[in-house]
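Working notes for the structure below.
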Amino acid sequence: MGDKLRLAVGVIGNASSMLLYGAPMVVRKKSTEEFSCVPYVLSLMNCFLYTWYGLPVVSNKWENFPVVTINGLGILLELCFILIYFWFASARAKAIIMTMQKKLGILTIAVVLVFCITVVISAFVFHDHHHRKVFVGSIAVVASVAMYGSPLIVLKQVIQTKSVEFMPFYLSFFSFLASSLWMTYGLLSHDLFIA
């Protein structure tokens, strides 16, 4: 019963995460509407790390298969969203982006470097699943907190304008839903790095 419940929560977690990744529907509105690209970059890092965490190299066999499937798909979607974000950025936003291009480039390079370093260290330094899970899981938890907290990056703008117009509701809602379900999955799995 426990494994079936854990699998069911994992499947529902996959569905809610798909909604989370689908929340920034920039294409439909053909505008970024002044939203920040930082949450997409942080989501990309989270997806990289949890895909690696769920693979049999780190986890024991395929015990975290639902984690691999949704985060592998998340990598593709987040890369697409980052490209779409640049495509649909308004002329004013593009001017701002051009000035912030270095910062965003550095952030993206940092994400890829952290992931690559994590992969190399976990694959070649640690020789058992337990130590690999602790190492990769610890880094992934930090990335997860950053990702789920990233919609709050606009909080200053919300307070200044006294309007929640720039706070993406669906991103915030699906972040809460997905994190709640993955916490349940992690607790059922006795895996605190997912919980």
Side-chain angles (χ1 to χ4, degrees), residues 9-10 13-24 35-60 63-83 85 100 103-126 129-155 168 170-187 189-195:
V9 171
N14 273 348
S16 69
S17 294
M18 189 65 191
L19 292 171
L20 170 63
Y21 298 142
F35 290 127
S36 172
C37 190
V38 172
Y40 308 138
V41 176
L42 293 176
S43 294
L44 178 65
M45 180 170 180
N46 185 65
C47 290
F48 273 141
L49 290 168
Y50 273 106
T51 299
W52 180 246
Y53 181 84
L55 289 172
V57 174
V58 176
S59 293
N60 188 23
E63 68 182 346
N64 289 316
F65 183 71
V67 175
V68 174
T69 56
I70 193 60
N71 284 293
L73 181 61
I75 290 169
L76 296 175
L77 290 173
E78 293 304 327
L79 285 170
C80 289
F81 284 141
I82 291 168
L83 293 173
Y85 181 89
M100 292 180 56
K103 290 180 184 177
L104 196 56
I106 290 170
L107 179 62
T108 305
I109 290 170
V111 162
V112 173
L113 280 176
V114 166
F115 173 68
C116 290
I117 290 168
T118 302
V119 167
V120 168
I121 290 173
S122 63
F124 297 112
V125 173
F126 300 110
H129 290 291
H130 172 72
H131 288 99
R132 287 178 181 162
K133 282 180 83 168
V134 169
F135 178 71
V136 176
S138 298
I139 296 168
V141 164
V142 172
S144 187
V145 168
M147 180 191 83
Y148 285 116
S150 65
L152 298 175
I153 202 165
V154 298
L155 203 53
Y170 289 113
L171 184 61
S172 301
F173 174 73
F174 289 125
S175 288
F176 172 75
L177 182 63
S179 62
S180 299
L181 286 164
W182 286 115
M183 181 184 74
T184 304
Y185 177 86
L187 291 175
S189 302
H190 306 289
D191 190 337
L192 295 180
F193 294 114
I194 296 175

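Since the structure is predicted, the reported quantities are computational estimates derived from the model, not experimental observations.
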Heavy atoms only: give me the nearest Ala178-Ser16 pair and the separation to one decimal.
-> CA-OG, 3.4 Å
Are Ser122 and Trp52 linked by a side-chain donor-acceptor pair shorter than 3.5 Å?
-> yes
Table please: side-chain donor-acceptor pairs of residues 66-73 below 3.5 Å, with sequence neighbours left out.
residue	atom	partner	partner atom	Å
Thr69	OG1	Asn14	ND2	3.2
Thr69	OG1	Pro66	O	2.9
Asn71	OD1	Tyr21	OH	3.3
Asn71	ND2	Val67	O	2.8

Close side-chain approach of Tyr53 and Asp191, heavy atoms under 4.5 Å | yes
With a 4.5 Å limit on heavy-atom distance, are the side chains of Asn64 and Tyr185 in contact?
-> yes
Of the non-hydrogen atoms in Asn46 and Met147, which two are nearest, and what is the gap between them?
-> ND2-SD, 3.4 Å
Taking ring-ring contact (aromatic ring centres under 6.0 Å, His included) as the test, write out the residues that go with Phe135, two or more places apart.
-> Phe126
Is it the case that Ser144 and Trp182 place a side-chain donor and acceptor less than 3.5 Å from each other?
-> no
Heavy-atom distance under 4.5 Å between the side chains of Tyr50 and Val136, does that happen here?
-> no
Measure the OG1-CD1 distance between Thr184 and Ile194 for me, rounded to the nearest 0.5 Å.
-> 12.0 Å
Would you confirm whether Ser59, through its side chain, and Pro56, through its main-chain N or O, come within 3.5 Å as a donor-acceptor pair?
-> no
Nearest heavy-atom contact between Gly13 and Leu181 is CA-CB, 4.0 Å
Just how far is it from atom CD1 of Ile139 to atom CE of Met45, taken to the nearest 0.5 Å?
-> 7.5 Å
